[in-house]
Novice: 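Let me begin by handing over the structure; questions about it come next.
Atoms considered below: every heavy atom in the structure, side chains included; atoms not considered: hydrogens, waters and symmetry mates. Proteins come first, then strands; the chains are lettered A, B, ... in the order of their sequence lines, and each starts at number 1. Just so it is clear, the model here is predicted, and its values are computed rather than measured.
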There are 2 protein chains.
Amino acid sequence: MTKARTGLIKTDKGQQTRSAILETALETFREHGYERTTMRTIAERAGVALGNAYYYFHSKEHLIQAFYGRTHAEHLAACAALLEKERDLKPRLLGVIRTKIATLEPYHQFAGKLFKTAADPHSPLNPFSDESDPVRKESIELFGEVVSGSKTKVPKDLMAELPYMIWLYHLGIILFWIHDRSPRRARTHRLIERSGDIIVKLIGIASNPLMSPLRKSAIRLIVELRQDVSARAD
Amino acid sequence: MTKARTGLIKTDKGQQTRSAILETALETFREHGYERTTMRTIAERAGVALGNAYYYFHSKEHLIQAFYGRTHAEHLAACAALLEKERDLKPRLLGVIRTKIATLEPYHQFAGKLFKTAADPHSPLNPFSDESDPVRKESIELFGEVVSGSKTKVPKDLMAELPYMIWLYHLGIILFWIHDRSPRRARTHRLIERSGDIIVKLIGIASNPLMSPLRKSAIRLIVELRQDVSARAD
DNA sequence: GTCTATAACCGGATAGAC
DNA sequence: GTCTATCCGGTTATAGAC
């Protein structure tokens, strides 16, 4: 396969055109939704020819990839203050998750389509794919910091897998949020509250020596899960 | 919206045409994959005109819905003997899950696309949608029988939610399987073994009176999750 | 009212000239 | 790096046959 064109743009003008297309696309997605926005419209509104839009973005879906990166960066920035001050695990976790949802909110409708393509194992947008690797890594790291920057002590073996576990959990929350049509996403917020509570409790329980067999089973399970990512043959 | 055409076919000839299209479609999907199979090809191979295929199936995706129903029925049949004989929870659960994977195996490649559309909240194929309701209900019931037909005693409050929990879990296994490219799906089978072990352990732990607060939290969480389904506003 | 066929439409994607 | 012209396949409109 070819390298992502994105990496190959050299000139200033190119950069400008690229970001003009991306801005226009995101704006139009927000306004009219993903499906109803055609590549022709994006190109037209951005003042470029259709073929030119495809020069910068392989496909309509690749515009989503760019969207990933952008909201991730926003999320990081929006979390920084909280992670700086707060030392309790539960508010750290809840805060980071809530901030994530808040960051995505303007794109709620569009996010449905996003997850749609994300679930396809052949899609480069799938969060487990190589192309998603950088964002995924950073995102997992963020959850590592949520735990390690807190007062809570976690057994070493668990700590090795916990960031990935929480990252998976956070994908689950996003999936729920996508389906959530309740006013002000009240349901999602209740879910975050409740599941966050459970997670913190479970971490406590898992640190109890009596629970060591269960913990070890769970860790083995996650190790198994995680390998999937690095083991794509074709 | 119009009613599903599927329900309106009255004549014998119609039924025949319909099933000819479906057979051809599934066969071609298995052979060449979902994306590479065009509606034109299906129609041609089935010996009908393109428009006619659309008379019987609203869209290409609706062919998938039919596929759901069919494999579910097959799965039920394949499980019956096991559920009749076996009384231990763990082999019951593992057996049912393994049989499910075995039933889907011929469609592994195609299943990726399936989940792709299934993840879209607006798609009728999404396992949480109204249109999927009958199959979902039956499927949840099946997992209820896995537990209730076993020797294991489960607290009543937990028993009310456990079938749904296990159904969700089984979706997770399928998602993993879709991404699994290991020989003979060795990874998926390891995952089933390990996660099944944990589930059975957790059910045991959850029945311990000391764990009652955690159990109650977990149940509240699932109740919250489940409501999502019945609460679509638009 | 049930079914079948033909001819478009529409939008994502590509080829190739400049 | 940008354009125009074109392909391709999902979907729809519509006319009519049984």
Novice: Whole angstrom is fine here: how far is it from NZ in B/Lys60 over to P in C/dC10?
Specialist: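 So the NZ-P distance, B/Lys60 to C/dC10, works out to 21 Å.
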Novice: Can you tell which of C/dG12, D/dG10, D/dT4 lies closest to the side chain of A/Tyr54?
Specialist: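 Per side-chain heavy atoms of A/Tyr54, the pick is C/dG12.
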Novice: Rounded to whole Å, how long is the line connecting atom OH of B/Tyr34 with atom P of D/dG9?
Specialist: 14 Å
Novice: Should A/Gln65 and A/Phe57 count as side-chain neighbours, where that means a heavy-atom distance under 4.5 Å?
Specialist: no
Novice: With respect to the side chain of A/Thr38, which nucleotide from D/dT4, C/dG11, D/dT11 is positioned closest?
Specialist: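 Of the candidates, C/dG11 comes closest.
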Novice: Which of parallel (below 30°), tilted (30 to 60°) and perpendicular (above 60°) describes B/Phe143 and B/His170?
Specialist: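 Rings of B/Phe143 and B/His170: tilted, 30 to 60°.
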Novice: Quick one: A/Arg40 CZ to C/dT14 P, roughly how many Å, whole number?
Specialist: 13 Å
Novice: Answer with base, sugar-phosphate or nothing: what part of the nucleic acid does B/Thr41 contact at a heavy-atom distance below 4.0 Å?
Specialist: nothing
Novice: Starting from P on C/dT4, measure out to CZ on B/Arg18 and report it in whole angstrom.
Specialist: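 These atoms are roughly 13 Å apart.
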Novice: Atom CG of B/Asp12 and atom P of C/dG1: how far apart are they, to the nearest Å?
Specialist: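 Rounded to the whole Å, the gap is 21 Å.
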Novice: How many whole angstroms separate atom CG of B/Leu63 from atom P of D/dT11?
Specialist: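 Whole-Å distance recorded here is 10 Å.
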Novice: Which nucleotide in the set C/dT14, D/dG1, C/dT4 lies at the smallest distance from any side-chain heavy atom of A/Tyr56?
Specialist: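 So the side chain of A/Tyr56 is nearest to D/dG1.
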Novice: Can you label the angle between the B/His108 ring and the B/Trp177 ring as parallel, tilted or perpendicular, going by 30° and 60°?
Specialist: perpendicular
Novice: Taking 4.0 Å as the cut-off, does a side-chain nitrogen or oxygen of B/Lys13 come that near to OP1 or OP2 on C/dT4?
Specialist: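 Answer is yes, contact under 4.0 Å.
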Novice: Check the distance between C/dT6's C1' and B/Glu44's CD and give it to me in whole angstrom.
Specialist: 15 Å
Novice: By nearest nucleotide on DNA chain C, pick out whichever of B/Gly47 and A/Glu35 is the more 5' one.
Specialist: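 Mapping each residue to its closest nucleotide by heavy atoms, the 5'-most match is B/Gly47.
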Novice: Specify the closest pair of heavy atoms between B/Lys60 and B/Phe29, including all atoms of both residues, with the distance to one decimal.
Specialist: CE-CE2, 4.3 Å
Novice: Got B/Thr103 and B/His72 here, is their nearest side-chain heavy-atom distance under 4.5 Å?
Specialist: no
Novice: Where the side chain of A/Ala49 is concerned, which of D/dC3, D/dG9, C/dA5 is the nearest nucleotide?
Specialist: D/dC3
Novice: Verify the contact: side-chain N or O of A/Thr17 to OP1 or OP2 of D/dT2, cut-off strictly under 4.0 Å; return yes or no.
Specialist: yes
Novice: Among the nucleotides C/dG12, D/dG10, C/dA5, which one has an atom lying closest to any side-chain atom of B/Met39?
Specialist: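 Comparing C/dG12, D/dG10, C/dA5 against the side chain of B/Met39, the answer is D/dG10.
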Novice: Tell me whether the OP1 or OP2 atom of D/dC3 has a side-chain N or O from A/Asn52 closer than 4.0 Å.
Specialist: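 Yes, such a contact exists.
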Novice: Looking at D/dT2, I'd like to know if its phosphate oxygens (OP1 or OP2) sit under 4.0 Å from a side-chain N or O belonging to A/Tyr55.
Specialist: no
